[in-house]
Amino acid sequence: MTGRVRPGAGGAADRVSSSSAAASGRTSSADAFERSVRRWMNAYPRRWRVTFGDDLVATALELAEPGRRRLGLREGLALARGGWALRRRERPPLRVRMLTGFGWRVSARDRAAHRAWIVDIALSPWLRLPAQLVTYMPIVLVNLYLWRDLGMLLNIVAAIGLPLSALGPCLVPAWGRRVSRATWRALFPDEPVPPLLERPARSAR
């Protein structure tokens, strides 16, 4: 014998199902919008994103129209311009950029004057890459030239190995964190390594 369906039960279930679907749709659109904002926010220094990124995302979500899934091109470019302008204002002299690019210690006066920029350098291997390439590329080109004329295997190995040694920390996260920890200890010997650079805890199996 089939059970009798209570009147109105189907309508209530449908309303609950439709409200759940609407809430799920709003959540997915909000998540997509947040990811879009954070992509544009990469123009800002990492230190700034860690400190103020959540506040900026929350403000953008409040101002966004319901159901919007991505930041507009005009708003994104304005956000990127602000990040680039901040990086440009904080950029130190070439001497400091070259020293910190290789993780070499700078004077206490330079650390105090350009602390924000030096912190970003210590946190991100990508920001050290330009200074390293400026130094490595002439050596690589000379090695390639000598290998072509003299046929010395050591020169072609050096031409390949030097760029890989610069790119390695950028391409391998664990390597990058290890290099960043060493750089932080060299640039800020009296300060503890920030939690952002600590080794991730291994999950228990």
**OP:** Just grab all the side chain to side chain donor-acceptor pair (under 3.5 Å) pairs involving residues 158-170, residues at least two apart or on different chains.
**Re:**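 Of all non-adjacent pairs touching residues 158-170, none passes side chain to side chain donor-acceptor pair (under 3.5 Å).
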Heavy-atom closest contact ([X] atom, [Y] atom, distance):
| X | Y | result |
| --- | --- | --- |
| Ser180 | Ser124 | OG-N, 4.4 Å |
| Leu164 | Trp175 | O-CH2, 4.4 Å |
| Pro163 | Ala158 | CD-O, 4.3 Å |
| Pro92 | Trp117 | CD-CD2, 3.2 Å |
| Ala159 | Val140 | O-CG1, 3.6 Å |
| Gly101 | Gln132 | O-NE2, 3.1 Å |

Enter the distance from [X]:[atom1] to [Y]:[atom2] here, rounded to the nearest 0.5 Å.
| X | Y | atom1 | atom2 | result |
| --- | --- | --- | --- | --- |
| Ile118 | Thr100 | CD1 | OG1 | 6.0 Å |
| Glu90 | His114 | CD | NE2 | 11.0 Å |
| Leu187 | Leu99 | CG | CG | 9.5 Å |
| Leu123 | Arg49 | CG | CZ | 10.0 Å |
| Ile156 | Leu144 | CD1 | CG | 5.0 Å |
| Thr135 | Leu162 | OG1 | CG | 10.5 Å |

For [X], all residues meeting side-chain contact (heavy atoms from CB on, under 4.5 Å), sequence neighbours excluded:
| X | value |
| --- | --- |
| Arg89 | Ala85, Leu86 |
| Leu129 | Trp126, Leu133, Ala166, Leu167, Cys170 |
| Glu34 | Arg38, Val57 |
| Trp40 | Ser36, Leu71, Leu73, Leu77, Leu79, Ala80 |

Answer yes if [X] and [Y] sit in the same cluster of Ile, Leu, Val, Met, Phe, Trp and Tyr residues linked by side chain heavy atoms under 4.5 Å apart, and no otherwise.
| X | Y | answer |
| --- | --- | --- |
| Val50 | Val37 | no |
| Leu141 | Ile139 | no |
| Val119 | Val96 | yes |

Subject >> Sequence neighbours excluded - salt bridge (charged side-chain N to carboxylate O under 4.0 Å, His left out) pairs with any residue from residues 73-83 >> reply: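 Every pair satisfying salt bridge (charged side-chain N to carboxylate O under 4.0 Å, His left out) with a residue in residues 73-83: Arg68-Glu75.
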**OP:** Any pair with a residue in residues 108-121 that passes salt bridge (charged side-chain N to carboxylate O under 4.0 Å, His left out), sequence neighbours left out, goes on the list, sorted by first then second residue, please.
**Re:**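 Those involving residues 108-121 are Arg47-Asp120, Arg95-Asp110, Arg115-Glu191.
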Original post:
Between the main-chain N or O of Gly103 and the side-chain N or O of Arg128, is there a donor-acceptor pair closer than 3.5 Å?
Top reply: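 Side chain of Arg128 to backbone of Gly103, a donor-acceptor pair under 3.5 Å: no, none is there.
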Subject >> Hydrophobic cluster of Leu63, others only, ordered by chain and residue number, side-chain cut-off 4.5 Å >> reply: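 Listed partners: none, Leu63 stands alone.
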Subject >> side-chain contact (heavy atoms from CB on, under 4.5 Å) evaluation trace for Arg87 with Leu127 >> reply: CA-CA 11 Å; Arg87 289 182 185 272; Leu127 296 180; 3.8 Å; yes
Original post:
Pro169 versus Arg177: any side-chain heavy-atom pair under 4.5 Å?
Top reply: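 No, every pair of side-chain atoms sits at 4.5 Å or beyond.
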Original post:
Counting only heavy atoms not in Phe102, do more than 12 fall under 6.0 Å of its CZ?
Top reply: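 Buried by this count: over 12 neighbours within 6.0 Å.
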Subject >> Residue pair Leu56, Met41: steps toward the side-chain contact (heavy atoms from CB on, under 4.5 Å) verdict >> reply: CA-CA 9 Å; Leu56 190 147; Met41 206 165 57; 3.8 Å; yes
Subject >> ring-ring contact (aromatic ring centres under 6.0 Å, His included) partners for Trp184, two or more places apart >> reply: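 Residues passing ring-ring contact (aromatic ring centres under 6.0 Å, His included) with Trp184: Phe188.
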Original post:
Considering residues at least two apart in sequence or located in another chain, which fulfil the ring-ring contact (aromatic ring centres under 6.0 Å, His included) criterion with Phe52?
Top reply: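 ring-ring contact (aromatic ring centres under 6.0 Å, His included) check on Phe52 returns Trp48.
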**OP:** Return each pair, listed once, that meets ring pair (Phe, Tyr, Trp, His ring centres under 6.0 Å) where at least one residue sits in residues 57-94; pairs must be two or more places apart or across chains.
**Re:**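 Ring pair (Phe, Tyr, Trp, His ring centres under 6.0 Å) check on residues 57-94 returns no pairs.
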